[in-house]
Structures are given as structure tokens and as C-alpha cells.
Participant: 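Quick one: the structure is below, and I'll ask about it shortly.
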Number of protein chains: 2
Amino acid sequence: MTNKIKKNDQIKADIVKKSRELFKRFGLNKTTMEDIAQTISKGKSTLYYYFTGKEEVFYAVAQKEISDTFGSIMEEVEKHNSAQERLRAFFLKRFDVLEEKLNTYPAMVREQKKNIEIFHKIHLEFSLLERNLIKEILFYGVKSGEFKHISKKDCDSLAIAASTILNGIDIYTFVEGNVPPIGDQLDILFSITMRGIK
Amino acid sequence: MTNKIKKNDQIKADIVKKSRELFKRFGLNKTTMEDIAQTISKGKSTLYYYFTGKEEVFYAVAQKEISDTFGSIMEEVEKHNSAQERLRAFFLKRFDVLEEKLNTYPAMVREQKKNIEIFHKIHLEFSLLERNLIKEILFYGVKSGEFKHISKKDCDSLAIAASTILNGIDIYTFVEGNVPPIGDQLDILFSITMRGIK
DNA sequence: AGTAGACCAAATGACAGTTTGAGTCGAATA
DNA sequence: TATTCGACTCAAACTGTCATTTGGTCTACT
């Protein structure tokens, strides 16, 4: 039983892994189910045994991408103890990751106009995770007495504001094809915000 | 002499005015030079006596739109005396205006993907004006001693950061077709920033 | 349970013919 | 000389058609 489930999951994971490579290289539209089937050395219809369709394969890949990415951000955040340093680490890593994704999926960026809805849905998922993380960090800072000038209630609003701004920056990045030149200003912006909430 | 120049300018202004109406209704692509010519009751080729082409007509319209819009923002800003209140007025008005434009030019929003380059160029012009205004307000606050925690040098970086963020929000707005739900958070965000720089 | 090959409908791409619309030019007007 | 216009050009956009591709289904084999 568990063996079979494991094998099933393994094949699924393999499909996801191989698909991810294809998506990186050729983007969503130009990667066909046939292509995917070939790289896993199976028939095309086999794919439909494991996934309901191309979109589900893509979602699976995206899910993995989201959890990997979010994981790497979390990892970076958890290296630090104070809320301030956590927040700082978050923003720095966040911008790094954005640039990295831009370079990893050039084909996707090019066709982003074609599949806006899908990208949206994916992005929204990430956005919610992120918003929650920001809220948690702020909350942690309030509880520990580190952030004296904001209340627990504010954390929510602030997290929404921050994630919305990041959202805008993400869209900017994918439309323009490059990360906005805000990196240099990040430090001063951050120190001002810190003085505002500490 | 002056008479002729005046008449010339008057006709140009008329073309711009009528074109603006057409652009509002039908967008850039679906408004033809023939359409414009008809509304000013002249032949199509007459338009080419006053403008080098459709794009120049559009730029003229956009210029007027920029100066009107920026003017209305300035007007709002100058109602207040302190740098803090000016900055606040700027952001509030800025979001108002964004939503207003979104509703005034629905056809443009729909075709925005088709003419990204042009919209870009226009937006960039506005962006520079805006960035300068922000810088001026900050500068004014530093000089008057109102903003104690930032230096003159910082004003530039901060203005860049702010206008980049607004930029992201603009693109978000036009891609999504609605102003991001950040309005409610604007107050708290603003008060934090204020505490950070005052 | 897992795989494959034949099959279908819908999307995609290529192509030819047609229309539209931006921009030019020389002549007419005043 | 300053404006205006009708007639023209030509490239891009649109239309309709046909062949190909491709996502997805079905049946049967092991």
C-alpha cells in the first residue's frame, strides 16, 4: 500500500521535476504534453493518469516553486533573531529572489501576457504566504516590545500594504522585464520605516 | 503675425480637445485620423498640416493630460503649508487621480497591452515631474527643520524609491484594471513614515 | 493498477485576398 | 503665402480557409 503510494508520488515528482526543466527552457505554451511524456520516457496518455491535464502539471510545478522559494526566504529570515533584522532579511531576500526568478524563467516572462490568469492565481498564493509572514514578523516585534509604535491591529493593515506594494513591484518587474532600481534605496527606506515603528 | 500664430494654436488646441474626447471614448487604436478630421470639420490631410502624424496628436493630448493632472495635484499640495501635510496631500490626491484616470479612459486601459511603449514614454514624463515634486517637498521639510532624520542627500534616494513604488502601483492598476486596495492602509503607512523622518 | 495507441475536437499557424487607415503630393483656394 | 483638400500609395490589419498540432478521451492490452 504505502509502497504503491510512494511509487505513485515518485513518478509524479519526476514528472514535476522534468516539466519544470522544460518550462524553464521553453515556457508554458511551447512545452507540449508530448514533450513532457518523452522526457519521462512514457506515453503521453500516461501523464493523464497522474494529472488531470497540462494545467495541473503546471500548478504542481508552480506549487513546488512557491514552496521552495518561500522556504528559502523563511530560511533566511530565521537566521535572525530580532524582528527588525528578520524584516530586513525578508526584504533583501525577497528582492534577490525576484531577480533570480526573472532570470530563471525568461521564456515564461516573455509569454506572461498570454497566461495572465494562471500566473495571477499562482502569484496570489505566494502573496498570501508572504503577507502572513510579514504579519507574523510584525506581530512578533510588537509582542516582544521591539516595535513600540504600532499595535497588534496595525500589523494586519501594514502587512496588506506591504504585500500590495511588493505585488506592484512584481508586476512592474514582469512587465518591464527587470527589477526596478530600488535596491540601492532599500537601506534608507528600511531605516526610516524602522524608526517609524520602533 | 501674432494673429496667425494665435489662430494656428487655436486650431491645434481644438484638434487636441476633440481628439481627447475621441480617445476617451474609443481608445487610441480605434480612433482614426479620419474620425478626428470629421469632428473638426476638416479634411484628413489638413491634420498633417498641424501635426506630423497620429502619434504626435496623441502626445499632444497626453501632454495636456499630464499638465492638467500634475497641475491639479500641485494645487492640492499647495493648499498646505507644512511639508508633512504637503506630502500627505500629495499621496492622497495621487491615488484619487489614479482612480479617476482609470475610469476616464476605459478604452485605453483595455488596449494598454498593445501600445505599451507609448504609454511608457508618457508615463515616464509624468513620473519625472512627480519624482521632482516629492524631492522638493522632502527638501523643503529638511530645510525647515521639520524632517530631522533625513539629510538633503537622502531626499533624492527617497524620491526615487517613492516614485518607483508609485510606478509599480500604476502598472498594477492598469494591468489589474483597478486601484490596489491600499487606500485604507495609506493613513497608517503615512504616519509611520512620518515618525520615521520627522 | 499502469501503460500505450488510436482517435477526436479545439486551438494554432500559414496563407491568399481584401479592407482599412496612416501618411504623401500636387493642385486648388483665398 | 498660408490653408485646405481629393486622390493616391503602401504597409498593416483583418477575413476566411485549410492543414497541422496538441490537449484530452477512450479502449484495450498486460
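Each chain gets a letter, A, B and so on, in the order the sequences are listed, and its residues count up from 1.
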Participant: What is the distance, to the nearest angstrom, from the CD1 atom on B/Ile11 to the P atom on D/dC5?
Facilitator: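 For the pair B/Ile11 CD1 and D/dC5 P, the rounded distance is 10 Å.
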
Participant: Determine which pairs satisfy ring pair (Phe, Tyr, Trp, His ring centres under 6.0 Å) with at least one residue from residues 8-38 of chain B, sequence neighbours left out, and list them in order.
Facilitator: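 For residues 8-38 of chain B: B/Phe23-B/Phe58.
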
Participant: Tell me which residues in residues 46-56 of chain B lie within less than 4.0 Å of DNA chain C, going by non-hydrogen atoms.
Facilitator: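 Heavy-atom contacts with DNA chain C come from B/Tyr48, B/Gly53, B/Lys54.
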
Participant: For residues A/Thr173 and A/Val109, determine if any side-chain heavy atom of one lies less than 4.5 Å from a side-chain heavy atom of the other.
Facilitator: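 The answer is no; the side chains never approach within 4.5 Å.
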
Participant: How long is the straight-line distance from CG of B/Leu189 back to CD1 of B/Ile182, given to the nearest 0.5 Å?
Facilitator: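 B/Ile182 CD1 to B/Leu189 CG: 6.0 Å, rounded to 0.5 Å.
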
Participant: Any chance you could measure B/Ser19, atom OG, to B/Ile40, atom CD1, to the nearest 0.5 Å?
Facilitator: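 Atom-to-atom, B/Ser19:OG and B/Ile40:CD1 are 7.5 Å apart.
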
Participant: For the helix from C/dA1-D/dT30 to C/dA30-D/dT1, what angle separates the axis at the start from the axis at the finish, each from five pairs, in steps of 10°?
Facilitator: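 Computed angle between terminal axes is 30°.
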
Participant: Please check this pair: side chain of A/Arg20 against backbone of A/Val61, looking for a donor-acceptor N/O pair closer than 3.5 Å.
Facilitator: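 Pair absent, no side-chain N/O of A/Arg20 close to backbone of A/Val61.
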
Participant: Any chance you could measure B/Glu34, atom CD, to B/Leu47, atom CG, to the nearest 0.5 Å?
Facilitator: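 These two atoms lie 9.0 Å from each other.
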
Participant: Out of curiosity, B/Leu133 CG to B/Arg94 CZ, how far, rounded to the nearest 0.5 Å?
Facilitator: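 Result: 11.0 Å between the selected atoms.
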
Participant: Out of curiosity, A/His123 NE2 to A/Asn167 CG, how far, rounded to the nearest 0.5 Å?
Facilitator: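 If I round to the nearest 0.5 Å, the distance is 4.5 Å.
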
Participant: Taking A/Lys148 for its side chain and A/Val142 for its backbone only, find out whether a donor-acceptor pair lies under 3.5 Å.
Facilitator: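 Side chain of A/Lys148 to backbone of A/Val142: no pair is present.
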
Participant: So if I take residues 19-40 of chain B and measure heavy-atom distances to DNA chain D, which residues fall below 4.0 Å?
Facilitator: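 Those residues: none at all.
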
Participant: Can you name the side chain to side chain contact (heavy atoms under 4.5 Å, CB included) partners of B/Ser144, sequence neighbours left out?
Facilitator: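 So B/Ser144 forms a side chain to side chain contact (heavy atoms under 4.5 Å, CB included) with B/Glu146.
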
Participant: Could you give the CD1-to-C1' distance, from A/Ile15 to C/dT3, as a whole number of Å?
Facilitator: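 In whole Å, C/dT3 C1' lies 12 Å from A/Ile15 CD1.
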
Participant: Please list, pair by pair, any protein nitrogen or oxygen found under 3.5 Å from a nitrogen or oxygen in nucleotides 28-30 of chain C.
Facilitator:
none

Participant: Have a look at A/Lys44 and say if it touches a base, only the backbone sugar-phosphate, or nothing, with a 4.0 Å heavy-atom cut-off.
Facilitator: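 Touches a base.
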
Participant: Find out whether the Lys NZ or Arg CZ of B/Lys12 is both under 6.0 angstrom from the six-membered ring centre of B/Phe51 and within 45° of the ring's axis.
Facilitator: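 Relative to the ring axis of B/Phe51, which defines the angle, B/Lys12 lies inside both limits.
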
Participant: Can you spot which of B/Glu65, B/Lys24, B/Arg25 makes a side-chain hydrogen bond (donor to acceptor under 3.5 Å, both in side chains) with B/Tyr105?
Facilitator: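 Result: among B/Glu65, B/Lys24, B/Arg25, B/Glu65 is the only option passing the side-chain hydrogen bond (donor to acceptor under 3.5 Å, both in side chains) with B/Tyr105.
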
Participant: Kindly compute the distance separating CG (B/Leu87) from CG (B/Leu138), expressed to the nearest 0.5 Å.
Facilitator: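 The CG atom of B/Leu138 is 5.5 Å from CG of B/Leu87, to the nearest 0.5 Å.
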
